[in-house]
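Heads up: the structure comes next, in structure tokens.
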Amino acid sequence: MTVLAMSVERVEDHPDADSLRVHQLRAGERTAQVVANLETVYAVGDVVAVALVGSTLQGNLSIRRVRLRGVDSFGMMLGRVEEAVGTDLSHLHEDPAAEASSGAERHAFVAWPSIEQLHHLRAHFAAQAETPPQVAYRAKVKLDGTNAGVQILRMQGAEDEVSVVAQSRTRLLSVEQDNYGFARWVDARRDGFAALAQDVATGEDRSLVTVFGEWVGPGVQRGVAVSKIPEKCFVVFAIQFGDPMRDAATLEVEPAAIEARVGAIDGVHVLPWVDLSVSLDFADPVALAAGAERINALVSDVEQCDPWVKGVFGIEGVGEGVVLYPDPKGAPLDRDLCSERMFKAKGEKHRVVRTKAPAQIDPEQAKSVAEFVELVVTDARLEQGVREACDGVFEMKRIGHFLKWIAGDVRKETSVELEAAGLTWKQVGKAVSAKAKSFYINGVRRID
């Protein structure tokens with residue numbers, strides 16, 4: 001039963017959005033929290049059709065857990081109904097094709113959390129009502145490959161049925177629609193990954209496990225140390241337990257714990273911590289700046305020589321930078337909290353924003369639209385767009401995908417810079433697309 005008649009038990013204003021309300025609903029022992037706008041106002045006692053997380057409505061609308069201004073919502077209210085509380089309304093609202101889907105089709109893409117920069121985190125914490133936190137961090141090298149993941153899904157009601165699917169940064173993969181050969185590589189190791197459907201530490205079955213890492217090696221990237229290794233490999237930096245779009249999920253980032261789960265799979269490496277532990281006090285600008293300087297010194301070292309590639313393969317060359325994770329202190333991290341607090345710091349060659357330093361506490365401030373475009377539409381961002389939106393290929397038929405990716409990436413990652421410049425997306429959008437279009441057309445011409 002994925003669409004139920006439920007009773008509204010409590011309604012509250014959203015703590016951080018005047019246009020949203022938070023509803024607590026119940027049907028017997030089943031409860032749900034749903035955040036909704038004021039288009040339809042529901043009162044305590046109303047009986048409402050609620051599409052719960054996991055349902056697929058007519059029109060192929062998949063209902064997933066979402067976080068709206070810091071509050072989780074676990075469904076969608078479809079209107080008042082006359083049926084008794086607890087009535088199964090799935091047949092009226094569900095897409096019949098959803099029930100007939102195959103195992104692979106029952107996977108939904110699970111994104112790795114977006115990683116901000118230090119000054120973005122500082123701005124985020126400054127905007128909250130609470131006192132900015134003090135956070136202990138540990139660092140891992142950021143490898144310059146392509147983000148990849150492996151989903152291991154135990155089917156509901158199927159004791160021994162486990163499905164394994166590869167994904168890129170933005171989509172599910174198959175052997176026919178691959179990304180630098182990653183899906184084919186995963187397919188050859190399906191049994192090894194399928195074993196993760198059972199948590200080896202506790203024996204507790206997990207419905208969804210996602211292994212996140214970087215797919216690296218010859219042909220994936222160029223001009224960096226990791227592109228010089230003998231063959232492609234999957235370097236794991238985290239394992240996620242649970243589906244963040246259905247319920248709370250956890251991230252295992254401790255290298256030793258990750259090694260215990262995936263270390264025996266052929267071609268898998270586990271990314272270790274680098275030698276940096278730093279505590280950042282976001283309420284103290286002076287102390288925060290001092291911590292940033294320690295991070296910048298580490299990035300400078302990594303950029304000159306990637307320590308992981310040298311340590312594992314004996315190859316020296318340029319590294320991308322580092323990712324700072326909240327110190328797990330021996331236990332998995334809450335995914336939402338980890339996503340809110342982790343950040344990246346890149347060397348000069350790899351920065352998608354032309355900051356003066358890898359980690360800094362204030363954003364760069366553009367004085368015009370042209371300066372803003374020069375600041376955020378860097379070669380590193382444009383090259384990443386070609387990899388992510390066009391599979392690394394310059395073809396005119398793909399230019400629309402490329403421009404859409406660049407526009408979305410700039411809007412998502414540079415809101416702090418946009419605000420610092422006193423500009424709006426409406427003012428800069430055309431200029432951003434113009435520079436991206438020129439870059440892509442020149443790339444096509446070089447190929448021709």
Side-chain angles (χ1 to χ4, degrees), residues 111 113-124 126-127 142 144 146-147 169-170 221-224 292 295-296 299 303 318 320-321 323 343-448:
S114 177
I115 306 177
E116 305 291 351
Q117 298 178 73
L118 179 59
H119 61 278
H120 292 149
L121 260 65
R122 186 187 180 212
H124 167 74
K142 191 176 193 308
D144 192 6
T146 184
N147 184 271
R169 183 188 300 273
T170 57
Q221 189 50 284
R222 63 183 186 276
V224 291
I295 295 167
N296 291 335
V299 174
E303 189 172 27
V318 174
E320 180 177 0
V323 175
F343 65 94
K344 60 193 173 188
K346 295 183 179 182
E348 184 174 2
K349 177 183 175 182
H350 291 88
R351 287 177 215 159
V352 295
V353 176
R354 287 189 173 86
T355 54
K356 293 184 178 67
Q360 57 189 52
I361 67 173
D362 294 309
E364 301 292 342
Q365 190 166 349
K367 296 182 174 62
S368 66
V369 171
E371 279 193 19
F372 176 81
V373 173
E374 186 66 19
L375 179 68
V376 305
V377 188
T378 61
D379 287 347
R381 190 187 300 277
L382 293 166
E383 290 165 3
Q384 182 183 355
V386 176
R387 294 196 304 272
E388 300 300 335
C390 308
D391 298 321
V393 177
F394 284 95
E395 293 179 330
M396 282 307 298
K397 67 181 181 180
R398 304 193 190 205
I399 191 170
H401 299 292
F402 171 74
L403 295 177
K404 181 178 179 181
W405 189 94
I406 292 293
D409 197 57
V410 171
R411 293 192 73 172
K412 179 184 70 174
E413 294 200 350
T414 65
S415 59
V416 174
E417 286 80 7
L418 198 62
E419 183 179 352
L423 297 169
T424 65
W425 176 252
K426 185 176 181 180
Q427 291 173 294
V428 304
K430 288 184 179 179
V432 167
S433 293
K435 183 171 181 180
K437 183 177 181 180
S438 176
F439 169 86
Y440 196 85
I441 290 174
N442 286 336
V444 172
R445 287 171 178 165
R446 286 195 301 271
I447 299 300
D448 293 341

Could you report the tightest heavy-atom contact between T424 and L418, atom names first, then the distance? C-CD2, 3.9 Å

Between Q365 (side chain) and A420 (backbone), is there a donor-acceptor pair under 3.5 Å? yes

Any residue meeting salt bridge (Lys or Arg N to Asp or Glu O under 4.0 Å) with E395, in chain and number order, not counting sequence neighbours: R398

Below 4.5 Å, heavy atoms only, C-beta onward: do Q117 and R351 meet side chain to side chain? no

Nearest 0.5 angstrom please: N296 CG to E303 CD, how far? 11.0 Å

All N/O donor-acceptor pairs, side-chain side in residues 400-416, below 3.5 Å, sequence neighbours left out:
unit_1, atom_1, unit_2, atom_2, d
D409, OD2, R381, NH1, 2.6
T414, OG1, V410, O, 2.5

By side-chain hydrogen bond (donor to acceptor under 3.5 Å, both in side chains), E417 pairs with (sequence neighbours left out) H119, H120

According to side-chain hydrogen bond (donor to acceptor under 3.5 Å, both in side chains), who are the partners of E348, at least two apart in sequence or on a separate chain? none

Residues passing the side-chain hydrogen bond (donor to acceptor under 3.5 Å, both in side chains) test with E374, sequence neighbours excluded, are K435

Roughly how far apart are N147 CG and R387 CZ, rounded to 0.5 Å? 11.0 Å

On a heavy-atom basis, the closest approach of V299 and G347 is CG1-N, 3.6 Å

Any Lys/Arg nitrogen of D362 or R122 sitting under 4.0 Å from an Asp/Glu carboxylate oxygen of the other? yes

Would you mind reporting whether Q221 and E320 have side-chain heavy atoms less than 4.5 Å apart? no

Measure the CZ-CG distance between F439 and L382 for me, rounded to the nearest 0.5 Å. 5.0 Å

More than 12 non-hydrogen atoms from neighbouring residues, nucleotides or ligands closer than 6.0 Å to CD on Q427, yes or no? yes

CA sep, side-chain torsions, deciding dist, call: S368, E371, side chain to side chain donor-acceptor pair (under 3.5 Å): CA-CA 5 Å; S368 66; E371 279 193 19; 4.6 Å; no

Can you name the closest pair of heavy atoms from L118 and A359 and give their distance? CD2-CB, 4.1 Å

Sole residue of V377, D379, T378 in side chain to side chain contact (heavy atoms under 4.5 Å, CB included) with V352: T378

Non-hydrogen side-chain atoms of E383 and V386 separated by less than 4.5 Å: no

Any E388 side-chain heavy atom under 4.5 Å of T146 side chain: yes

Look up atom CD1 in I115 and atom NZ in K346, then write down how far apart they are to the nearest 0.5 Å. 9.0 Å

Give, for atom CD1 of I399 and atom CZ of F394, the distance between the pair rounded to the nearest 0.5 Å. 10.0 Å

Got a sec, which residues hit side chain to side chain contact (heavy atoms under 4.5 Å, CB included) with E364, two or more places apart in sequence or on another chain? T355, K356, Q360, L375

